[in-house]
Amino acid sequence: MDTSIGLTPTLIGFSGGSGSGKTTLAAAIHERLGNHRSAVLSLDAYYKDLSYLPLEARAAVNFDHPDALDVQLLTQQIRQLRCGHTVEVPRYDFTTHTRRSETLTFQPKAVVLVEGILLLALEPIRSLLNLKVFVDTPADIRFIRRLLRDIQERGRTVDSCIQQYYATTRPMHFAWVEPSKAFADVVVSSEEEVEILATLLIERIEHL
């Protein structure tokens with residue numbers, strides 16, 4: 001069955017440290033553009049399935065390293081989206097660190113907003129993006145946001161969040177995320193109002 005919709009989407013990438021506000025910014029732009037013109041694709045969907053490991057071993061995996069991501073599948077699906085094809089995006093369960101059996105049917109729109117911590121650190125992906133945005137946010141704000149998210153949305157404990165932050169999140173930020181800022185076309189500050197940033201970026205997107 002032909003799943004092409006005869007459209008060449010404009011792909012906008014959003015990166016930044018965990019808790020930087022990149023997801024919020026992408027969502028604000030998506031809301032402004034509307035479902036008929038845009039869609040959001042999250043890097044979080046592409047973590048590798050760890051169902052072959054015992055639960056304790058899964059939790060010990062460094063999820064802040066590029067090796068934790070299925071970069072091959074992500075690259076393949078972004079290329080398909082660029083060609084106007086519908087893709088089946090995996091769904092990831094963060095409580096069990098496994099990929100669910102069901103997928104999410106993702107139809108390309110005129111603007112596809114791709115967001116993820118390590119997005120700009122992935123060389124195969126960078127070359128596929130029409131515009132690369134890095135959201136720069138102070139470390140203390142990022143940590144608080146991540147802590148609240150992991151407790152409220154991912155069933156984590158405070159101790160496990162702090163342990164992971166020191167063991168992998170912080171060192172991986174300096175090793176991969178912060179250096180990837182150099183690849184951004186636009187660096188924005190999260191201390192600016194998100195609606196103002198969304199307006200400015202939409203103006204730029206419209207001229208691509």
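Residues take their numbers from the sequence shown, with the count starting at 1.
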**Student:** Considering residues, nucleotides and ligands other than Arg170, do more than 12 of their heavy atoms fall under 6.0 Å from its CZ?
**Tutor:**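 No, the 6.0 Å shell around CZ holds no more than 12 heavy atoms from other groups.
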**Student:** Against Ser38, only a single residue in Ile205, Leu33, Val112 fulfils side-chain contact (heavy atoms from CB on, under 4.5 Å); can you say which?
**Tutor:**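 Output: one option passes, namely Leu33.
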**Student:** Please lay out, stage by stage, how Val61 and Leu53 fare under the test side-chain contact (heavy atoms from CB on, under 4.5 Å).
**Tutor:** CA-CA 10 Å; Val61 168; Leu53 292 174; 4.3 Å; yes
**Student:** Check this for me: does any side-chain nitrogen of one of Asp150 and Arg156 sit under 4.0 Å from a carboxylate oxygen of the other?
**Tutor:**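 So Asp150 pairs with Arg156 through a salt bridge.
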**Student:** Under 3.5 Å, is there a donor-acceptor pair between the Arg146 and Ser18 side chains?
**Tutor:**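 On atom types as modelled, these side chains qualify, holding a pair under 3.5 Å.
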**Student:** Is it the case that the side chains of Thr98 and Ser51 hold a donor-acceptor pair, with the cut-off being a distance below 3.5 Å and no angle test?
**Tutor:**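 Thr98 and Ser51 do not have a side-chain donor-acceptor pair below 3.5 Å.
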**Student:** With a 4.0 Å cut-off, would you call Arg91 and Asp49 a salt bridge?
**Tutor:**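 Between Asp49 and Arg91 there is no salt bridge, as every charged N stays at least 4.0 Å from the carboxylate O atoms.
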**Student:** So, are Arg32 and Glu203 salt-bridged, with charged N and O less than 4.0 Å apart?
**Tutor:**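 Answer for the salt bridge query: no.
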**Student:** Are Asp64 and Thr168 close enough that a side-chain donor and a side-chain acceptor fall under 3.5 Å?
**Tutor:**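 Yes.
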**Student:** Going through the checks in order, is the side-chain contact (heavy atoms from CB on, under 4.5 Å) test met by Leu104 and Glu88?
**Tutor:** CA-CA 5 Å; Leu104 176 66; Glu88 294 298 324; over 6 Å; no
**Student:** Mark yes when over 12 heavy atoms from residues, nucleotides or ligands other than Glu191 sit less than 6.0 Å from its CD; otherwise mark no.
**Tutor:**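 No, CD of Glu191 has 12 or fewer neighbouring heavy atoms, counting only those of other groups under 6.0 Å.
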**Student:** So if I apply the ring-ring contact (aromatic ring centres under 6.0 Å, His included) rule between His97 and each of Tyr52, Phe63, Tyr47, which one comes out positive?
**Tutor:**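 When Tyr52, Phe63, Tyr47 are each tested with His97, the ring-ring contact (aromatic ring centres under 6.0 Å, His included) holds only for Phe63.
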**Student:** Does any donor atom in the side chain of Ser42 or Glu115 lie under 3.5 Å from an acceptor atom in the other side chain?
**Tutor:**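 There is such a pair between these side chains.
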**Student:** Report the C-alpha separation of Leu129 and Ile12 in whole Å, then their side-chain angles, then the decisive distance to 0.1 Å, and conclude whether the side-chain contact (heavy atoms from CB on, under 4.5 Å) test is met.
**Tutor:** CA-CA 6 Å; Leu129 302 172; Ile12 313 299; over 6 Å; no
**Student:** Do Arg126 and Phe183 meet the cation-pi criteria used here (NZ or CZ under 6.0 Å from the six-membered ring centre, within 45° of the axis)?
**Tutor:**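 The answer is yes; both the distance and angle limits are met.
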**Student:** Check Asp70 with Lys48, please: is the shortest side-chain N to carboxylate O separation under 4.0 Å?
**Tutor:**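 Answer for the salt bridge query: no.
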**Student:** Any carboxylate oxygen within less than 4.0 angstrom of a Lys/Arg side-chain nitrogen, looking at Asp136 and Lys181?
**Tutor:**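 Between Lys181 and Asp136 there is a salt bridge, with a charged N closer than 4.0 Å to a carboxylate O.
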